[in-house]
Amino acid sequence: KEGESRASLGRERYLERMRAFIEATRTVILDQQRRVGGSCDWGRLRFTMDEVSARAVRVAFLRLHEKGLAYRTEALVNWCPGCRTSVSDLEVLPTPETGTLWSVRYHLIDEATGRPDPDATLTVATTRPETILGDTAVAVHPDDPRYAALVGRRVRIPFVERDVPVIADAVVDPAFGTGAVKITPAHDHDDNETGKRHGLAMPTILDDEARVTGTGTPYDGLDRYEARQRIVADLAAQGDLAGERAHEMVIGRCQRSNDVVEPRLKTQWFVRTAPLAAAALEATRSGRTTILPARLEKTWEHWMTNIRDWNVSRQLWWGHRIPAWYCPDGHATVSAEPEGPAACATCGRPAAELVQDPDIFDTWFSSGLWPFSTLGWPEPTDDLARYYPGSVMETGYDILFFWVARMMMLGIELTGEAPFHTVYLSGLIRDPYGQKLSKTKGNTVDPLDTIEVLGADALRFALVYGATPGNDQRFGQAKVENARNFANKLWNATRFVLGARPSTVPDGSGRRLPDPAHLGPADRWVLSRAAATIAAVDHAMADYNFGEVSRLLYEAIWSEYCDWGLELAKVRLADPDRTDAEREATWWALVDALDVYLRLLHPVMPFITERLWQGLPHTDDDPGLLIVARWPGARARDEAAEAEVGALVELVRAIRNARADAKVEPAAWLPLDVYVEPSLGHALEGLRPAIERLARARPLRRHLTPEDLHGTASATGGLTVIAGPAEAIIGQPAGEAGAAGADRARLEKELADTERLLAAARARLANDAFTSKAPPAIVEGARASEAELADQAERLRDRLAR
RNA sequence: GGGCGAUUAGCUCAGCUGGUUAGAGCGCAUGCUUGACAUGCAUGAGGUCACUGGUUCGAGUCCAGUAUCGCCCACCA
């Protein structure tokens with residue numbers, strides 16, 4: 001609630017609030033579930049706070065501690081004064097800001113008198129003057145001639161009146177500021193390292209809320225920023241402020257509270273990451289775990305090789321409490337038992353005298369155990385044996401380090417096996433303007449709102465459709481609408497198929513496969529395209545290319561199955577010349593292909609495919625639920641049928657183009673005749689009714705021969721169409737003249753295009769380098785293409801000559 | 001400072017190991033109450049694949065460099 005914080009509530013009321021929150025969340029989820037239907041076993045869906053995973057956390061920590069991989073020490077940690085807790089390196093966000101760089105004069109100590117020399121000064125540059133109070137040295141670069149003589153001398157720190165040495169350290173950049181750096185080992189990561197190298201004292205001068213403390217100066221009790229102002233003013237007053245200027249810098253802010261993080265010395269628990277990271281690296285390098293996309297493996301390598309020890313202590317209240325108990329002498333005992341150890345492991349003091357660490361674990365510590373703690377680890381449960389290690393971890397690349405890295409490190413250490421063989425990293429969803437979704441910007445999308453309007457399948461399909469591994473995608477309503485339209489298309493296609501059942505197939509009859517003996521070319525084409533789609537989808541799936549999977553299915557279902565398959569089937573089903581057996585075969589082919597598509601699409605659109613699939617005829621051994629139905633196996637394609645229908649598609653498209661070009665009334669049914677080259681003639685002959693229907697033409701009583709094919713169009717004022725191995729003449733409706741000229745112009749343009757391509761093809765083939773160096777298959781393809789173009793050009797010329 | 005990604009149609013994006021004329025959706029234009037679907041159908045316009053150079057018979061694709069945008073990592077006070 002607004003205005004309530006961990007600090008204002010106190011521990012008990014805080015925890016009470018949190019429990020209430022979780023209960024409320026649970027109510028919402030249950031309510032959703034009730035609306036959607038289905039059931040949920042709450043016994044198996046537990047928050048990680050419950051006793052099962054709590055035990056996993058304690059045991060994990062105990063094991064790490066026993067191996068010396070968890071240790072407690074005073075070290076510099078990132079401290080958020082707002083949250084009053086330490087945070088991990090990853091939770092500190094570097095934020096560019098304009099600050100001030102002040103130059104401050106420190107007075108050198110006159111070695112003779114032991115007093116500061118009023119005239120001899122060393123000027124240091126700092127963005128944080130308040131930390132002067134914690135300075136224990138001034139550092140210069142060892143090779144800096146300006147300061148060579150000063151190394152080893154002492155300067156006086158103002159206000160605290162402390163004398164500190166001038167030291168030489170290569171960390172100093174002589175070109176920055178004055179080339180002299182004040183060293184505050186307790187409040188800066190660099191300075192801390194320098195301090196350790198030189199054995200400097202590390203006085204802490206800021207308390208938990210970032211107020212100055214323990215300096216013995218009047219600044220004690222002031223907030224850090226107030227102290228900064230006062231110190232700058234006081235330095236100026238006493239003439240020791242040498243200058244100030246604006247300075248672009250990067251400041252660390254707390255991911256949660258946005259407060260400026262202060263490095264502080266704290267006694268905390270750490271996990272030694274070097275050996276864990278080495279094992280995680282070994283897993284990826286050996287290929288036992290693969291990171292996708294592969295380029296992110298580089299990032300992973302870099303991070304894992306530069307990782308620092310992990311501070312796991314948090315001074316928060318909601319979380320797994322660290323299972324360490326301390327005796328009055330400060331000995332730490334780690335125990336996996338909830339009530340703690342019976343006695344101090346070091347000195348044997350009884351449990352009654354021990355006090356548990358008040359801190360809790362970093363949330364990613366327990367999350368890092370998730371792949372096995374959820375399966376009952378450390379108990380050797382059946383679930384663990386069966387489901388660990390897992391297979392694929394899918395998550396956004398933004399938590400590769402936060403979560404995946406921790407799961408890998410802890411998983412390998414505690415179970416001996418990497419928790420998954422593949423890490424698939426998806427991109428992030430951005431808003432339509434490319435902005436990162438964020439609550440503060442208010443550009444977040446509630447999926448439930450989208451689902452309410454356009455459906456869960458549409459949302460899911462849209463997200464998968466746009467996904468390329470590791471690449472962000474902009475997300476807008478339009479994409480979901482397109483996916484919704486696709487769902488609608490699928491729905492209607494299924495409705496059509498079910499409604500087109502031949503009367504000779506009894507309602508409710510079991511599933512049958514189409515009888516090959518009675519299939520027409522269009523039917524064989526439908527089945528062949530389904531076979532091709534199975535292969536393509538399998539291939540894309542194996543590559544984790546889910547975007548490609550959805551694109552393949554969209555294309556196959558909409559542009560092939562619906563646009564041509566169903567249209568061709570309509571003709572055949574309505575054709576009085578076909579036998580019942582043929583109509584049945586056609587229908588069963590439609591059902592079969594639809595069944596395949598629904599199965600393939602199910603992972604991407606689970607709800608609608610399930611619903612539609614259940615309405616299809618089934619065999620006795622179908623499970624009745626698509627979600628557990630078999631994935632389609634590989635099938636043979638029918639090259640001949642694909643060529644035949646391919647030619648049909650080409651011809652029909654050409655006819656439609658010609659009609660559109662000539663602006664023939666769409667409603668006009670033109671007389672049509674088709675001449676097909678003998679090689680394909682027979683099959684297209686069988687598809688004649690389909691061509692007529694799809695081209696909106698009606699049959700001519702007399703079929704044309706090659707001889708009178710030429711001449712008919714101009715004679716009748718009709719249109720000539722030449723497409724691949726087929727030619728067609730469509731006649732003008734009576735009373736409409738003038739198309740002959742348009743027909744001629746169109747054919748001339750087509751001839752020009754064809755000749756341009758033909759010239760290019762011939763030039764390529766005339767190039768010896770091409771024919772000698774290109775692979776034979778490519779050259780063959782070029783030859784075939786050249787022949788085809790030459791033929792086409794020849795026919796167009798012939799046509800125009802008459 | 002280091003590393004990585006992106007740059008393809010007006011917009012959002014595909015384009016797998018280089019191979020004939022570079023694709024989709026949306027948008028746009030024209031026309032359609034086609035007995036599954038107007039959440040649809042048909043047809044069309046629209047691209048020097050950021051730039052420069054290189055490798056190759058052949059480059060959106062490979063290499064080098066440049067520019068712009070973005071992300072990650074990093075101890076410049």
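Side-chain atoms are counted along with the backbone in the values below, which use heavy atoms only and exclude waters and symmetry mates. To find a chain, count down the sequence lines: A is the first, B the second, and so on, and within it residues start at 1.
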Tell whether A/Gln473 reaches the base of B/rA14 with its side chain through a donor-acceptor pair below 3.5 angstrom.
-> no

Euclidean distance for P, B/rU7 against B/rG46 (whole angstrom) = 24 Å

Taking the side chain from A/Gln473 and the backbone from A/Leu463, do they hold a donor-acceptor pair closer than 3.5 Å?
-> yes

Under 4.0 Å: is that the gap between some side-chain N or O of A/Lys570 and OP1 or OP2 of B/rA36?
-> yes

Taking the P atom of each, how far is B/rC62 from B/rC16, in whole Å?
-> 8 Å

Touch class at under 4.0 angstrom, heavy-atom based, for A/Ala125 against every strand present | base

Out of B/rA77, B/rC72, B/rC37, which has the shortest distance to the side chain of A/Asn492?
-> B/rC37

Is there a donor-acceptor contact under 3.5 Å from the side chain of A/Thr178 to the main chain of A/Thr123?
-> yes

What interatomic distance, in whole Å, is found between P of B/rA50 and the corresponding atom of B/rU8?
-> 6 Å

Select base, sugar-phosphate, or nothing to describe what A/Pro775 touches, counting heavy atoms under 4.0 Å on all strands.
-> base

Which nucleotide sits closest to the side chain of A/Asn471: B/rA14, B/rC76, B/rC75?
-> B/rA14

Which is true for A/Arg756 with a 4.0 Å heavy-atom rule: it touches a base, it touches only sugar-phosphate, or it touches nothing?
-> nothing

Checking all strands, does A/His539 fall into the base, sugar-phosphate, or nothing category for heavy-atom contacts under 4.0 angstrom?
-> nothing

Looking at every strand, decide which applies to A/Asp173 at a 4.0 Å heavy-atom threshold: base, sugar-phosphate, or nothing.
-> base

From the candidates B/rA36, B/rC57, B/rG40, the one with an atom nearest any side-chain atom of A/Ala493 is B/rA36

Nearest-nucleotide pick for A/Asn482, side chain only, options being B/rG25, B/rU43, B/rA36 = B/rG25

A/Asp563 near the nucleic acid: base, sugar-phosphate alone, or nothing, with a heavy-atom cut-off under 4.0 Å?
-> sugar-phosphate

Hey, is A/Arg484 close enough to A/Glu481 for a salt bridge, meaning N to O under 4.0 Å?
-> no

Hey, is the side chain of A/Arg430 poking within less than 4.0 Å of OP1 or OP2 on B/rA6, counting only N and O atoms?
-> no

Side-chain N or O of A/Asn485 less than 4.0 angstrom from OP1 or OP2 on B/rC37?
-> no

Ion pair present between A/Lys570 and A/Glu567, side-chain N to carboxylate O less than 4.0 angstrom?
-> yes

Please tell me if the side chains of A/Phe176 and A/Val181 come closer than 4.5 Å, counting only heavy atoms from C-beta onward.
-> no

Neighbour count >12 (heavy atoms, 6.0 Å) for atom CZ, A/Arg611 | no

With sugar-phosphate meaning primed atoms plus P, OP1 and OP2, does A/His302 contact a base, only sugar-phosphate, or nothing at under 4.0 Å between heavy atoms?
-> sugar-phosphate

Looking at the side chain of A/Arg764, which of B/rU20, B/rG5, B/rG19 is the nearest nucleotide?
-> B/rU20

Could you give me the stems involving RNA chain B, meaning stretches of three or more consecutive Watson-Crick or G-U wobble pairs whose two defining distances are both below 3.5 Å?
-> B:1-7 with B:67-73, B:10-13 with B:23-26, B:28-32 with B:40-44, B:50-54 with B:62-66

Side-chain N or O of A/Lys298 closer than 4.0 Å to phosphate OP1/OP2 of B/rC4 | yes

Which atom pair, heavy atoms only, marks the closest approach of A/Leu425 to A/Tyr397?
-> CD2-CA, 3.9 Å

The side chain of A/Ala660 lies closest to which of these nucleotides: B/rC37, B/rU43, B/rG5?
-> B/rU43

If you measure from the P atom in B/rG23 to the same atom in B/rA9, how many Å do you get, rounded?
-> 14 Å

Please determine if A/Glu650 and A/Arg653 form a salt bridge, counting it only when a charged side-chain N lies under 4.0 Å from a carboxylate O.
-> no

Please state the P separation for the pair B/rG60 and B/rG19 - nearest whole angstrom.
-> 10 Å

Is the shortest side-chain N/O distance from A/Arg474 to OP1 or OP2 of B/rC13 below 4.0 Å?
-> yes

What integer number of Å spans the C1' atoms of B/rA24 and B/rG47?
-> 14 Å

Which residue lies toward the 5' end of RNA chain B, A/Tyr465 or A/Lys773, if each is placed at its nearest nucleotide?
-> A/Tyr465

Distance, rounded to the nearest Å, where A/Tyr433 contributes OH and B/rU12 contributes C1' = 13 Å

Mark yes or no for a side-chain to base donor-acceptor pair under 3.5 Å between A/Arg484 and B/rU39, with no hydrogen or angle criteria applied.
-> yes

Would you mind checking if A/Lys196 and A/Glu193 are paired as a salt bridge, meaning a charged N to carboxylate O distance below 4.0 Å?
-> yes

Which nucleotide in the set B/rC57, B/rA42, B/rC37 lies at the smallest distance from any side-chain heavy atom of A/Arg656?
-> B/rA42

P gap between B/rA59 and B/rC51, integer Å = 15 Å

May I ask you to say what A/Trp558 touches in the nucleic acid, namely base, sugar-phosphate or nothing, with a heavy-atom cut-off under 4.0 Å?
-> sugar-phosphate

A/Glu567 near the nucleic acid: base, sugar-phosphate alone, or nothing, with a heavy-atom cut-off under 4.0 Å?
-> base

So what does A/Phe486 hit on the nucleic acid, given a heavy-atom distance under 4.0 Å: a base, only sugar-phosphate, or nothing?
-> nothing

Touch class at under 4.0 angstrom, heavy-atom based, for A/Thr468 against every strand present = sugar-phosphate

Name the nucleic acid region contacted by A/Thr126, choosing base, sugar-phosphate or nothing; use a 4.0 angstrom heavy-atom cut-off, strictly under.
-> sugar-phosphate

Nearest of B/rG25, B/rA14, B/rA77 to any side-chain atom of A/Tyr554?
-> B/rG25

Considering only the C1' atoms, how many Å lie between B/rG18 and B/rC49, rounded to the nearest integer?
-> 15 Å

